[in-house]
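Single-structure report; data block below.
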Amino acid sequence: MVAGSVSNEIKSPIAPGRLWKAMVKDSHNLMPKLLPDIISSIVILKGDGGVGTIRQSNFSPAIKEYSYWKDRVDAVDDQKHIFKYSVIEGGLIGKKVKSTSFELKFDAATDGGSVCKLSGEYETIEDRLPTEEETKEMIGGMIGMFKAVEGFLLANPDAYA
């Protein structure tokens, strides 16, 4: 078992509040609409979106390694725009990793846009870190979702205002 992490920063012309509303507060509705080829649905199984909420993300057949994952909301700070969650079942849990947790943080940029900091921590099952390709795939999925939301918000300036 080996512990590791991934991270990235993305600059966006979208204000932090709009990104927060779309990516965190309404992701269960928005993501399946924006990414139907990947995410078939996101269902809230328990809770109201706050700490302790359990969600299940169901994936399309395009995702070959797994069909769903369940995550638990670990922290939500609406003022500082910080969201933390852990995958607790499904996905790569029990296959390649023992545990994973992620954090999204949206900071205001001086130009009116924002800087989104994406980070993830994991513990592998095997005594090796993921390859560079596997690491790029992990962070690439997060960046892809971010870019889909950003594109939607740019095309729909009144959405999540």
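Remember, predicted model here, so these are calculated numbers, not experimental data.
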| task | Take atom CD of Glu126 as the centre, draw a 6.0 Å sphere, and report whether it contains more than 12 heavy atoms from other residues, nucleotides or ligands. | result | no
*With under 30° as parallel and over 60° as perpendicular, where do the rings of Trp20 and His81 fit, or are they tilted in between?*
tilted
What one should report as the nearest heavy-atom pair of Leu30 and Ala22 is CD2-CB, 3.7 Å
**Same apolar cluster: Val73 and Ile82, side chain cutoff 4.5 Å** = no
Taking Trp69 as the starting point, is it possible to reach Val43 by hopping between hydrophobic residues whose side chains are less than 4.5 Å apart? no
By salt bridge (charged side-chain N to carboxylate O under 4.0 Å, His left out), Lys21 pairs with (sequence neighbours left out) none
To the nearest 0.5 Å, atom CG of Leu118 lies from atom CE of Met142 at 4.5 Å
Smallest heavy-atom separation, Pro32 atom then Ser27 atom, equals CD-O, 3.7 Å
- Task: Treat each ILVMFWY residue as a node, draw an edge where side-chain heavy atoms are under 4.5 Å apart, and state whether Val24 and Val115 are in one component.
- Result: no
To the nearest 0.5 Å, atom CD of Glu9 lies from atom NZ of Lys105 at 9.5 Å
Show your working on side-chain hydrogen bond (donor to acceptor under 3.5 Å, both in side chains) between Ser12 and Glu150 and close with a plain yes or no.
-> CA-CA 8 Å; Ser12 175; Glu150 180 183 63; 2.6 Å; yes
Next item on the list: Indicate yes or no for a side-chain donor-acceptor contact from Asn156 to the backbone of Phe152 under 3.5 Å, with no hydrogens or angles considered.
Entry: yes
Val76 side chain reached by Lys84 side chain, heavy atoms, under 4.5 Å: no
- Decide whether Ser41 and Asn58 meet the rule of one side-chain donor and one side-chain acceptor closer than 3.5 Å. yes
Check your understanding: Is a donor on one side and an acceptor on the other found under 3.5 Å between the side chain of Ser114 and the backbone of Ile14?
Key -> yes
Sequence neighbours left out, cut at 3.5 Å: what donor-acceptor pairs do the side chains of residues 85-99 make with other protein atoms?
{"unit_1": "Ser86", "atom_1": "OG", "unit_2": "Asp74", "atom_2": "OD2", "d": "2.4"}
{"unit_1": "Glu89", "atom_1": "OE2", "unit_2": "Tyr68", "atom_2": "OH", "d": "2.7"}
{"unit_1": "Lys95", "atom_1": "NZ", "unit_2": "Glu65", "atom_2": "O", "d": "2.6"}

The reported gap from CD1 in Ile39 to CD1 in Ile63 (rounded to nearest 0.5 angstrom) is 8.0 Å
Tell me whether Arg55 contacts the main-chain N or O of Arg72 through its side chain, where contact means a donor paired with an acceptor under 3.5 Å.
no
Please tell me if the side chains of Leu45 and Lys70 come closer than 4.5 Å, counting only heavy atoms from C-beta onward.
yes
When rounded to the nearest 0.5 Å, the distance separating CD1 of Ile10 from SG of Cys116 is 5.5 Å
Would you call the rings of Tyr66 and Phe59 parallel, tilted or perpendicular, where under 30° means parallel and over 60° means perpendicular?
perpendicular
To the nearest 0.5 Å, atom CE of Met23 lies from atom OH of Tyr160 at 11.5 Å
| Would a distance-only check, ignoring hydrogens and angles, find a side-chain to backbone donor-acceptor pair under 3.5 Å from Thr124 to Val2? | yes
Here the gap from Leu104 atom CG to Phe146 atom CZ, rounded to the nearest 0.5 Å, amounts to 9.0 Å
With a 4.5 Å limit on heavy-atom distance, are the side chains of Asp107 and Lys117 in contact? yes
Does Ser7 offer a backbone N or O that forms a donor-acceptor pair with the side chain of Ser119 under 3.5 Å? no
Q) Does CD in Glu121 sit with more than 12 non-hydrogen atoms of other residues, nucleotides or ligands closer than 6.0 Å? A) no
Applying salt bridge (charged side-chain N to carboxylate O under 4.0 Å, His left out) to Asp77 and not counting sequence neighbours gives none
- Side-chain contact test, heavy atoms from C-beta onward, threshold under 4.5 Å: evaluate it for Pro13 versus Leu154 and give yes or no. yes
